[in-house]
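What follows is one structure encoded as structure tokens, with my remarks underneath.
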Amino acid sequence: MMLHRFVEPAVRSALTRMGVSADHPIALETPRNAGQGDLASTVAMSLAKTLGKAPKVIAEEICTELRSAPYIQHVDVAGPGFINVTFDRSVYHVVLAELLQQADGIGRSSIGVGSRVNVEYVSANPTGPLHAGHGRNCAVGDTIANLYAWCGFNVTREYYFNNAGNQMNKLAESIDARLHQHLGADVEFPEDGYHGEYITLIAQHVADAHGSAVLDLPEVERRDLCKKAGEQWCFATIRATLEKLTIHHDVYFNEDSLYTDGKVQQVIDTLRGNGLAYEKDGALWFALEQLGNPQDKVIVKSSGEPTYRLPDIAYHCDKLERGFDVVVDIFGADHIATIPDVVAGVRAMGLDETKIRTVIHQMVTFIEDGEVVKFSKRSGTSFTLDDLIEEVGADVVRFFFIMRAVGTHLEFDLNLAKEEGDKNPVFYLQYAHARIASILRKAAEQGLQVSDAVDLSVLVHDKEIALIDVLSRYGGTIERACVNLEPQAVAEYLREVAAAYHHFYHDCRILGTEEPLQSARLALALVTQRALRNGLQIVGVSAPDVM
RNA sequence: GCGCCCAUAGCUCAGCUGGAUAGAGCAGCAGCCUUCUAAGCUGUAGGUCGCAGGUUCGAAUCCUGCUGGGCGCGCCA
């Protein structure tokens, strides 16, 4: 936080004099209540035991040092030993001037410079369109990738395209069956096949492309044709949906490449060589118990086909071998069980599994008119992500899916989402942005421009200071959201920024005010607009100039 | 049965590394537009932070147990 640096050096110096080691953290927080200063520290209380002194005594000693530090108006000790710092108002002018100079870079951080991170998200099987629930993975993953990028990391956004498993054969069988039906042949639809309307659509494409002669092809060849057509259609459909949410992946990693490259075989060989894989009942087992996990698991079925675990391990090894410093997986709660196995596998392969970070988001429930929406009851077939975007718009989809902590179950209120008024939290943020845009337009028409040389010292109103205070926490908030993988912290912060601006707007007239106050307020509005625009960009929501 | 997650205002949820009187939106009630966008603002009301212990100067936050809900525990992915 930007204000910390006006306090930390003096506190550190006082602590050093008391013989406290330099790595002792200096806890600083923004007091919740009025009358407790602008910044408070609990460091005196945390040191009471080690120093063997009363917290108030320690606090007093620190205060002596602090009182002579620049920009500090007064310091006092309160309660059990809180150190409450009140800044001279000029500190806020210094901070705002810096924020103004950062221009469009406000909120950026450099903590990740020099590090490469891979964020894998969406990764839905290419066996059909994305359903509405997939939206959470999409939004959370893309926001986390954005956060890394804003913190200076070199980010690769990756989609693990699961095109080698058994489910692709089921897709091919389903399409083949519809193909026969479409061409007038009588066949039974596979019991566990995919029933969506899109299967019929893909079958029609195959029929159109190859004519009825396709039925005369050998089954293997025809199935392959169906599989390819299905994969292509699903891939294109999924990408089109992601496009609507402004999500673009850098790498689409094909699962089948793990077989053609020999990566899967390499895992088998290494595990065997280390005595971590053994044959039983005709299958190959991964000796997870030896690695401390609850039970051994099959990695190659007796049919010779691998289970998903094997390519998953090979895939994660591949990501680490590509040299990423951090490998992030975004998973739904239904995938929790697979993670320990993969991590154990990566470690068994001799790679650093601590670079892997997993984000597990809980499930989503859609509510409409007070009732739970059944996925299967929408549009006759299923409630797709496209349907959801169609109903509430891409901005609302992205924001609603990240506005709650990933670890909690999300209730997606469709009525609230569709509301285009004051109840909808997305509009509250966008409205603040549009309001500022409007003022800046009018200012420009009058020939007013914000320059870095503007005199900010005239900003002394409570609401002005409060807004600057919120803005000063921008960088730190983004860093924390990134390090902790908490997208909702951005949503929460943006609400604070918008609220602080609306309060300021209500009390402080900008245009038509005497100079230099008009210019100073204009500068404050400009910085706020940049903060909102950047924050909205991080969560993938548009920042309209007009509403 | 085992593992992971969750439990905070009527509803949906915030709550930074434990901190001072627990925060916001919606719903409720009462107000504010001849002036930069009222998609805004102000006020009011609403709570044994699931329960019981423990650690601590201090616990919604950490630990243990319990209750209630979600997800998972396959030679499916």
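Chain letters run A, B, ... following the sequence lines, proteins first and then strands; every chain starts at 1.
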Query raised in the report: If you measure from the Lys or Arg side-chain nitrogens to the Asp or Glu carboxylate oxygens, is any gap between A/Asp341 and A/Lys297 under 4.0 Å?
Result: yes

Query raised in the report: Rounded to whole angstroms, how far apart are OH on A/Tyr501 and P on B/A39?
Result: 15 Å

Requested in this report: Flag this pair as yes if the NZ/CZ of A/Arg473 is under 6.0 angstrom from the six-membered ring centre of A/Tyr493 and inside a 45 degree cone about the axis; otherwise no.
Outcome: no

Query raised in the report: Sequence neighbours excluded, which residues qualify as ring-ring contact (aromatic ring centres under 6.0 Å, His included) partners of A/Phe331?
Result: A/His335

Query - side-chain hydrogen bond (donor to acceptor under 3.5 Å, both in side chains) involving A/Arg509 - partner list, sequence neighbours excluded - result: none

Report task. Remember a base hit wins even if backbone is also touched, and classify A/Thr408 as base, sugar-phosphate or nothing at under 4.0 Å, heavy atoms. Result -> sugar-phosphate

Expected rows: protein N/O vs nucleotides 43-47 of chain B N/O, under 3.5 Å:
none

Query - Donor on one side chain, acceptor on other, A/Thr365 and A/Glu411, under 3.5 Å - result: no

Query raised in the report: Between B/G72 and B/A14, how far is it from one C1' atom to the other, in whole Å?
Result: 28 Å

Requested in this report: Measure the shortest side-chain to side-chain distance between A/Val328 and A/Tyr148 over non-hydrogen atoms and say whether it is less than 4.5 angstrom.
Outcome: yes

Report task. Would you mind building the protein contact string for nucleotides 17-28 of chain B? One character per nucleotide, 5' to 3', B for base within reach (heavy atoms under 4.0 Å), S for sugar-phosphate only, - for untouched. Result -> B-BB--SS-SS-

**Report entry** Dot-bracket notation for RNA chain B, counting Watson-Crick and G-U pairs under 3.5 Å, with | for partners on another strand
**Finding:** (((((((..((((.....[...)))).(((((.......))))).....(((((..]....))))))))))))....

Report task. Take nucleotides 70-77 of chain B nucleotide by nucleotide from the 5' end and write B, S or -, depending on whether a protein heavy atom sits under 4.0 Å from the base, only from the sugar-phosphate, or from neither. Result -> SSSS-BSB

Query raised in the report: What is the distance from CD of A/Gln529 to P of B/U37, rounded to the nearest Å?
Result: 13 Å

Query raised in the report: Taking atom C1' in both B/G15 and B/C73, what distance in whole Å separates the two?
Result: 34 Å

Query - Pairwise P distance for B/C4 and B/G65, with rounding to whole Å - result: 11 Å

Query raised in the report: Given the P atoms of B/C49 and B/G10, what is the spacing between them in whole Å?
Result: 12 Å

Query raised in the report: Taking the P atom of each, how far is B/C41 from B/G3, in whole Å?
Result: 48 Å

